[in-house]
Amino acid sequence: MTEKRVMYEYLVDRLVRLSTREECALLLEDLCTCAEIENMAQRLYSAKLVLEGKTYAQVEAETQISSATLSRVSRCIKYGGGGYGTIIGKE
């Protein structure tokens with residue numbers, strides 16, 4: 001296993017151990033920059049809107065996401081591993 005893979009697995013293992021909203025927020029604030037958190041939030045919320053059937057124009061207007069990033073989010077929803085659908089489906 002490569003060092004990058006070991007670090008990735010360590011991150012995933014730690015994430016699944018979070019048990020409260022507060023723990024998650026604290027980790028995000030320590031681990032990521034404000035811009036990184038904003039970008040992740042924007043992508044996740046955009047995915048939610050796409051899964052609700054909103055048009056690209058509606059999603060772009062509501063979230064201010066770039067068309068390139070929205071296209072990537074949409075591709076991940078259609079052809080990715082199912083991460084967006086899994087987490088959004090837990091609402």
Side-chain angles (χ1 to χ4, degrees):
M1 193 179 300
T2 67
E3 280 193 36
K4 285 185 180 183
R5 188 65 188 184
V6 169
M7 290 186 286
Y8 172 81
E9 293 294 333
Y10 185 80
L11 173 63
V12 170
D13 288 345
R14 301 289 88 56
L15 289 173
V16 299
R17 292 172 191 232
L18 297 172
S19 58
T20 66
R21 186 178 193 282
E22 291 76 21
E23 287 177 351
C24 184
L26 288 171
L27 179 62
L28 283 174
E29 290 169 10
D30 285 351
L31 192 61
C32 304
T33 66
C34 290
E36 289 168 334
I37 294 169
E38 289 171 8
N39 288 335
M40 287 188 291
Q42 182 188 53
R43 289 176 187 163
L44 185 59
Y45 196 76
S46 294
K48 174 187 178 299
L49 297 177
V50 168
L51 288 168
E52 289 175 353
K54 302 277 177 125
T55 67
Y56 271 30
Q58 290 170 318
V59 174
E60 288 174 6
E62 188 167 337
T63 64
Q64 303 304 307
I65 195 168
S66 73
S67 60
T69 302
L70 180 54
S71 178
R72 184 178 187 285
V73 167
S74 184
R75 269 194 318 276
C76 288
I77 290 170
K78 291 178 185 172
Y79 307 111
Y84 282 123
T86 298
I87 196 67
I88 292 167
K90 292 187 179 212
E91 290 184 350

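Keep in mind that what you see is a predicted model, and the values were worked out from it rather than measured.
- Looking at every heavy atom in both residues, T55 comes nearest to Q58 through N-OE1, 2.8 Å.
- Side-chain contact between E36 and L28 is absent, with no heavy atoms from C-beta onward closer than 4.5 Å.
- Counting only heavy atoms from C-beta outward, the side chains of K54 and E62 approach each other to under 4.5 Å.
- Looking at every heavy atom in both residues, T63 comes nearest to Q42 through O-NE2, 3.0 Å.
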Donor-acceptor pairs under 3.5 Å, side chain of residues 71-83 to any protein atom, not counting sequence neighbours: which ones?
residue: S71; atom: OG; partner: R75; partner atom: NH1; Å: 3.1
residue: S74; atom: OG; partner: Y56; partner atom: OH; Å: 3.0

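- Sorted by first then second residue, the salt bridge (Lys or Arg N to Asp or Glu O under 4.0 Å) pairs that include residues 7-20, not counting sequence neighbours, are R5-E9.
- With contacts defined as side-chain heavy-atom distances shorter than 4.5 Å, the pair Y84/R43 qualifies.
- Rounding to the nearest 0.5 Å places CG of N39 at 8.5 Å from CD1 of I65.
- Hydrophobic clustering, with ILVMFWY side chains joined whenever heavy atoms are under 4.5 angstrom apart, groups L51 together with L44.
- A distance of 10.0 Å separates SG of C24 from CD of E29, quoted to the nearest 0.5 Å.
- Put simply, the side chain of L70 reaches to within 4.5 Å of the side chain of E60, judged on heavy atoms.
- Among residues two or more places apart in sequence or in another chain, the side chain to side chain contact (heavy atoms under 4.5 Å, CB included) test is passed with L27 by L15, L18, L31.
- Under the 4.5 angstrom side-chain criterion for Ile, Leu, Val, Met, Phe, Trp and Tyr, the cluster partners of V12 are Y8.
- When the side chain to side chain contact (heavy atoms under 4.5 Å, CB included) test is applied to R21, no partner is found at least two apart in sequence or on another chain.
- Side-chain heavy-atom separations under 4.5 angstrom define the hydrophobic clusters, and L26 shares its cluster with no other residue.
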